[in-house]
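So the structure is just underneath, and the comments pick up after that.
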Amino acid sequence: MENGKQRANFSSKLGFVFAAASSAVGLGNLWRFPYLAAKYGGGIFLLTYIVLAVLFGVPLLITEIGIGRKTRQSSIGAFTALGQKSNICGILGLIIPMIITPYYCTIGGWVTKYMVTFAAGSEKEAVADSFFGSYIGSTAEPIIFLMIFLAFTSLVVFFGVEKGIEKVSSVLMPVLLVLVVGLSIYICTLPGVGEGVKYYFMPDFSKFSGKLVLAALGQLFYSLSLAMGIMVTYGSYMKKEDNIATSAGQIAFFDSFVALFAGLIIVPSVYLFSNGDQSALSAGPGLMFITLPKVFDTFAAGRIVGFLFFVLVFFAALTSSISLLEAIVSNIMDLTHMGRKKTVLIMTVYCAIVGIFSSLGFGAWSGFTILGFDILDFLDFISNSVLMPVLALFTCIFVGYQLKPENLIAEVEQDGITFHTKRAYRFLVKWFCPIAIVAILITYVLGAFGIFSV
């Protein structure tokens with residue numbers, strides 16, 4: 001319910017797809033995917049990723065969207081309505097975005113800072129080796145940019161599903177597509193970039209390995225907004241006449257499209273900049289905030305390219321943070337029947353407080369650690385590496401063996417729609433996806449403590 005009225009809906013199928021795809025397209029597409037593609041042989045990683053998007057990503061999207069639309073509730077209400085006695089899936093679907101949203105907005109503040117820096121013509125400052133570390137290690141400025149990014153996020157959610165989320169996503173998603181394609185075309189015109197493009201696209205089957213498969217699975221999981229309560233929430237706003245299976249495929253397509261073209265921006269340009277040294281494509285913040293500004297500085301139009309790139313990253317981060325906050329707000333509204341505006345204000349204050357803690361973990365509180373992690377990295381580990389795979393596993397077990405896949409197949413086949421791959425869906429959600437999720441969970445946990453990594 002929304003302020004005591006009938007539950008909000010996306011006004012069109014395209015509006016739903018743009019909103020859900022915008023949620024899926026985030027920071028994982030723009031720095032983690034290119035790093036993994038470079039590390040695992042370029043083209044062979046792309047091929048594996050696309051195959052697994054169909055076998056792993058789409059079935060889980062269908063499952064979460066179907067649960068939301070069937071119950072017309074966010075995660076806690078949805079799993080209660082479907083008869084899960086412990087409601088562990090519903091509870092985790094609220095806890096996970098509550099953990100992620102504040103620190104995600106902290107990183108969104110970093111992106112905002114770099115976008116403003118390039119817009120102001122101060123890109124030479126961003127090239128210095130000490131710029132990023134000095135910035136996040138300070139106190140006031142990162143918190144100011146965190147608040148700016150959080151304010152943009154909250155404002156969109158404040159206006160609701162159709163007037164806020166759908167309207168903004170319907171503008172930003174096409175802009176994202178234009179930016180990512182335009183920048184990748186520019187990169188492909190640079191002299192000497194051919195070897196990097198070849199490495200990125202040409203599959204080398206000798207580099208296929210179990211680690212590559214695990215890396216691709218983990219990236220899909222991270223990239224598609226799975227197991228965060230988001231797709232259940234967005235599914236609850238979906239009209240009954242819209243095709244869930246088709247929409248899930250379109251979401252996976254747009255998400256993979258942006259990831260692939262983001263890699264085409266980053267991998268060949270860094271490959272060229274480093275003379276083929278793949279170690280330059282380091283994972284994490286270093287790639288985006290240290291290496292790429294140096295790369296852009298070597299371009300004739302470096303300031304413009306750098307600014308447009310960080311606009312792209314800002315929009316991607318913003319659409320993801322909007323969906324994370326909406327998953328929290330929608331759950332609380334369903335539970336308490338509190339109005340949207342009051343709920344958004346309360347959760348904005350919460351995100352600001354926890355976000356400040358995350359930011360200070362790199363500065364004034366840098367000596368404080370949890371299990372050897374700084375505050376932001378701990379929140380990231382516990383949410384992304386532990387709770388998200390656990391939620392996805394429990395969801396598959398619940399749907400596969402208690403609720404039964406036939407219940408969601410019936411939801412997909414509303415209004416005479418035929419679910420052509422329902423036999424494959426039954427197998428994938430009962431067997432393939434749970435096994436893959438267990439492999440991801442084990443890999444993430446062992447990797448966090450340096451025992452095994454991909």
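Just so you know, these numbers come straight off a predicted model, no measurement behind them. Side chains included, hydrogens not; waters and symmetry mates left out as well; all remaining heavy atoms used.
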> Given W110 and F149, is the ring pair (Phe, Tyr, Trp, His ring centres under 6.0 Å) satisfied, shown in steps?
Replying inline: CA-CA 9 Å; W110 301 350; F149 184 84; over 10 Å; no
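- Remark: E141 engages K113 in a salt bridge, criterion side-chain N to carboxylate O under 4.0 Å.
- In terms of modelled atom types and a separation under 3.5 Å, the side chain of N9 and the main chain of S11 share no donor-acceptor contact.
- How far CZ of F79 is from CD1 of I67: 4.0 Å, rounded to the nearest 0.5 Å.
- Looking only at atom types and distance, the side chain of Q219 has no donor-acceptor partner in the side chain of Y40 under 3.5 Å away.
- Remark: F432 CZ is packed, more than 12 non-hydrogen atoms of other residues, nucleotides or ligands lying under 6.0 Å away.
- Ring geometry for F310 versus Y114: interplanar angle of 30 to 60°, hence tilted.
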> Run the side chain to side chain donor-acceptor pair (under 3.5 Å) check on S22 and T319 step by step: do they pass?
Replying inline: CA-CA 5 Å; S22 296; T319 52; 4.9 Å; no
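- Between the side chain of Y271 and the main chain of V197, no donor-acceptor pair closer than 3.5 Å is present.
- The two residues S154 and T348 come nearest to each other via the heavy atoms OG-OG1, 2.7 Å.
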>> Using the rule given for side-chain contact (heavy atoms from CB on, under 4.5 Å), can you reason through F273 versus L190, listing the C-alpha separation, both sets of side-chain angles and the distance that settles it, and then say yes or no?
In response: CA-CA 11 Å; F273 170 76; L190 296 175; over 6 Å; no
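- Remark: side-chain polar atoms of S330 are not paired, donor with acceptor, to backbone N or O of A327 under 3.5 angstrom.
- Looking at every heavy atom in both residues, N29 comes nearest to P34 through O-CD, 3.3 Å.
- In this structure, the side chain of T106 engages the main chain of G355 through a donor-acceptor pair within 3.5 Å.
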> Do L60 and C396 pass the side-chain contact (heavy atoms from CB on, under 4.5 Å) test, and can you show the C-alpha distance, the side-chain angles, and the key distance before you say yes or no?
Replying inline: CA-CA 8 Å; L60 289 179; C396 286; 3.4 Å; yes
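- Using a 4.5 Å heavy-atom cutoff, the side chains of L391 and I88 are not in contact.
- Judged purely by distance below 3.5 Å, without hydrogens or angles, the side chains of S225 and S23 pair a donor atom with an acceptor atom.
- In plain terms, the two heavy atoms of P268 and L264 that are nearest each other are CD-O, 3.2 Å.
- In this structure the side chain of I165 reaches within 4.5 angstrom of the side chain of Y234, judged on heavy atoms.
- For an aromatic pair to be called close, the ring centres must be under 6.0 Å apart, and F16 with Y237 fails this.
- The side-chain heavy atoms of M238 and K13, taken from C-beta on, include no pair separated by under 4.5 Å.
- Judged by distance alone, the side chain of T443 and the main-chain N or O of A439 form a donor-acceptor pair under 3.5 Å.
- Once rounded to the nearest 0.5 Å, the distance linking OH of Y104 with CG of L150 reads 13.5 Å.
- Between V180 and L176 there is no side-chain heavy-atom pair separated by less than 4.5 Å.
- Y49 has its ring centre less than 6.0 Å from the ring centre of F33.
- Here the closest non-hydrogen pair linking L27 and A317 is CD2-CB, 4.0 Å.
- Rounding to the nearest 0.5 angstrom, the gap separating the SG atom in C105 from the CD1 atom in I148 is 12.5 Å.
- In this structure, Y200 contributes its side chain and L260 its backbone to a donor-acceptor pair below 3.5 Å.
- Distance alone, capped at 3.5 Å, is enough to place a donor-acceptor pair between the S184 side chain and the V181 backbone.
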>> What verdict does the side-chain contact (heavy atoms from CB on, under 4.5 Å) test give for S236 and T71, after you've listed the backbone C-alpha separation in whole Å, the side-chain angles of each residue and the deciding distance to 0.1 Å?
In response: CA-CA 7 Å; S236 73; T71 60; 5.7 Å; no
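- Smallest separation of non-hydrogen atoms from F362 and I136: CB-O, 3.4 Å.
- Residues M388 and N384 approach most closely at SD-OD1, 3.4 Å, considering heavy atoms.
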> Where do K294 and D129 land on the salt bridge (Lys or Arg N to Asp or Glu O under 4.0 Å) test, with the steps shown first?
Replying inline: CA-CA 9 Å; K294 294 180 185 295; D129 290 333; 2.5 Å; yes
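- The shortest side-chain heavy-atom distance between I437 and F56 falls under the 4.5 Å cut-off.
- Checked by atom type, the side-chain pair N331/T233 shows no donor-acceptor distance below 3.5 Å.
- The aromatic rings of F131 and Y135 sit parallel to each other, their planes meeting at less than 30°, with 60° as the upper class boundary.
- Residues F394 and F398 keep their aromatic ring centres 6.0 Å or farther apart.
- More than 12 heavy atoms of other shown residues, nucleotides or ligands fall within 6.0 angstrom of atom CD1 in I346.
- Taking a cutoff of 4.0 Å between a charged side-chain nitrogen and a carboxylate oxygen, R7 and D334 qualify as a salt bridge.
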> How far apart are the C-alpha atoms of Y186 and L308, what are their side-chain angles, what is the distance that settles it, and do they pass the side-chain contact (heavy atoms from CB on, under 4.5 Å) test?
Replying inline: CA-CA 12 Å; Y186 171 79; L308 291 175; over 6 Å; no
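- In this structure the side chain of F10 never reaches within 4.5 angstrom of the side chain of E162, judged on heavy atoms.
- A donor-acceptor contact shorter than 3.5 Å links the side chain of S209 to the backbone of L212.
- S256 contributes no side-chain N or O that, together with a main-chain N or O of F253, makes up a donor-acceptor pair within less than 3.5 Å.
- The main-chain N or O of F159 is never found under 3.5 Å from a side-chain atom of R340 such that the two would form a donor-acceptor pair.
- To the nearest 0.5 Å, atoms SG (C433) and CG (L428) are separated by 5.5 Å.
- Here the CD atom belonging to E326 is positioned 10.0 Å from the CD1 atom belonging to I328, to the nearest 0.5 angstrom.
- A salt bridge does not link E64 to R69: none of the charged nitrogens lies less than 4.0 Å from a carboxylate oxygen.
- Y444 is not listed as a side-chain neighbour of V386, based on a closest heavy-atom distance of 4.5 Å or more.
- With a 4.5 Å cut-off on side-chain heavy atoms, I356 and L146 count as touching.
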>> Test ring pair (Phe, Tyr, Trp, His ring centres under 6.0 Å) on F289 and F132; report intermediate values, then the result.
In response: CA-CA 6 Å; F289 298 112; F132 179 63; 5.0 Å; yes
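- Going from atom OG of S169 over to atom CG of L14 covers 11.0 Å, rounded to the nearest 0.5 Å.
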